[in-house]
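Below: the structure, in structure tokens.
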Amino acid sequence: MTNGDPTTTTAARVLRRTPLARLAGLPVMEIARFGVVGLAATAVHYLTALAALSVAPPLHANVIGFLTAVAVSWIGHSRWTFRAAAADGTGAGSAARLPRFVATVVGGFSMSQGTLWLVERFDALPDALALMVAVGVVPPTTYLLNKFWVFR
């Protein structure tokens with residue numbers, strides 16, 4: 001660790017120095033944190049929806065999984081992924097960001113449901129795989145919305 005920042009580990013410094021990251025000017029550690037939180041939320045989403053398939057059709061099971069994952073996403077992104085942007089010391093930042101986060105979640109959910117509806121409509125995949133596709137289309141869009149709109 002350097003300068004008291006827990007993200008400035010040797011691994012973090014190495015990741016930031018990769019040629020692609022330097023050329024693109026990418027916030028590598030922020031993207032990595034987003035990925036970790038996103039993977040956790042995605043796992044919660046998928047596993048909850050998969051469990052719900054025993055009592056609900058796929059579109060309803062996806063709603064249950066998505067709503068469960070929202071809490072994981074909000075806590076992880078506001079407290080870890082985008083903490084530098086979110087930290088204003090008063091707590092007012094979180095209250096102001098929550099409506100934008102909810103709008104992003106609704107957009108991501110709509111994208112997920114639309115994808116699932118299309119896959120189900122054409123009966124293209126088994127239910128478990130259709131859920132995986134629906135869950136996987138959301139992260140790139142929501143990262144950009146969170147970075148440049150919610151936690152700017």
Side-chain angles (χ1 to χ4, degrees), residues 6-7 9 11-87 93-152:
T7 62
T9 62
R13 287 191 302 273
V14 169
L15 279 173
R16 283 190 200 112
R17 291 184 187 138
T18 61
L20 181 61
R22 283 186 304 170
L23 287 173
L26 294 174
V28 175
M29 291 312 297
E30 182 179 89
I31 292 171
R33 288 190 301 268
F34 184 86
V36 168
V37 171
L39 286 174
T42 299
V44 166
H45 180 164
Y46 182 69
L47 293 173
T48 303
L50 195 58
L53 279 175
S54 65
V55 296
L59 286 171
H60 296 131
N62 191 46
V63 171
I64 294 165
F66 196 87
L67 291 175
T68 305
V70 168
V72 173
S73 184
W74 170 251
I75 291 167
H77 292 318
S78 65
R79 295 188 181 187
W80 191 45
T81 304
F82 301 105
R83 72 177 177 272
S94 289
R97 289 180 180 93
L98 188 56
R100 292 189 302 249
F101 182 78
V102 169
T104 299
V105 166
V106 169
F109 175 73
S110 298
M111 183 185 305
S112 177
Q113 280 293 86
T115 301
L116 184 58
W117 180 82
L118 282 171
V119 172
E120 288 287 307
R121 173 100 168 113
F122 295 103
D123 201 23
L125 300 170
D127 289 346
L129 191 53
L131 278 170
M132 188 179 292
V133 170
V135 168
V137 299
V138 176
T141 303
T142 57
Y143 171 76
L144 294 171
L145 287 169
N146 277 299
K147 172 141 182 85
F148 295 109
W149 187 48
V150 176
F151 297 101
R152 61 188 158 115

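The figures that follow rest on heavy atoms only: side chains count, while hydrogens, waters and symmetry mates do not. Model, not experiment: these values are computed from the prediction.
- Note: His77 NE2 to Thr104 OG1 = 10.0 Å, rounded to the nearest 0.5 Å.
- Of the possible polar contacts, none joining the Ser112 side chain to the Gly108 backbone as a donor-acceptor pair under 3.5 Å is found.
- The two residues Pro58 and Glu120 have their closest heavy-atom pair at CG-OE1, 3.9 Å.
- Nearest heavy atom pair, residue Ala134 against residue Leu116, reads CB-CB, 3.7 Å.
- Side-chain contact between Val106 and Ser110 is present, with at least one heavy-atom pair separated by less than 4.5 Å.
- Closest non-hydrogen pair, Pro139 versus Gly136, comes out as CD-O, 3.3 Å.
- When atom types are taken as modelled, the side chain of Ser73 and the backbone of Ala69 share no donor-acceptor pair closer than 3.5 angstrom.
- Between the OG1 atom in Thr115 and the CG atom in Leu131 there is a gap of 11.5 Å [rounded to 0.5 Å].
- In this structure, Arg83 and Trp80 have side chains that are in contact, with non-hydrogen atoms separated by less than 4.5 Å.
- Within the model, atoms CZ of Phe122 and CH2 of Trp117 stand 6.5 Å from one another, a figure rounded to the nearest 0.5 Å.
- Residues Phe109 and Val70 have side chains not in contact (no heavy-atom distance under 4.5 Å, counting atoms from C-beta outward).
- Separation of atoms CD1 (Ile75) and OG1 (Thr81) is listed at 12.0 Å; rounding is to 0.5 Å.
- Minimum heavy-atom separation, Thr141 to Met111: OG1-CE, 3.5 Å.
- Relative ring orientation between Tyr143 and Phe34 is described as perpendicular, the plane-to-plane angle rising above 60° on a 0-90° scale split at 30° and 60°.
- Residues Leu53 and Leu50 have side chains in contact (heavy-atom distance under 4.5 Å, counting atoms from C-beta outward).
- You'll find the side chain of Phe66 reaches within 4.5 Å of the side chain of Val105, heavy atoms only.
- Inter-residue side-chain proximity for Thr68 and His45 is flagged as unmet; no heavy-atom pair is nearer than 4.5 Å.
- Side-chain contact between Arg100 and Leu145 is absent, with no heavy-atom pair separated by less than 4.5 Å.
- Arg97 is not listed as a side-chain neighbour of Ser78, based on a closest heavy-atom distance of 4.5 Å or more.
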Pair Gln113, Val63 - check side-chain contact (heavy atoms from CB on, under 4.5 Å), show working. CA-CA 8 Å; Gln113 280 293 86; Val63 171; 3.8 Å; yes

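- Interatomic distance, Thr42 OG1 to Leu47 CG, rounded to the nearest 0.5 Å: 10.5 Å.
- The two residues Phe82 and Asn146 come nearest to each other via the heavy atoms CE1-CB, 3.6 Å.
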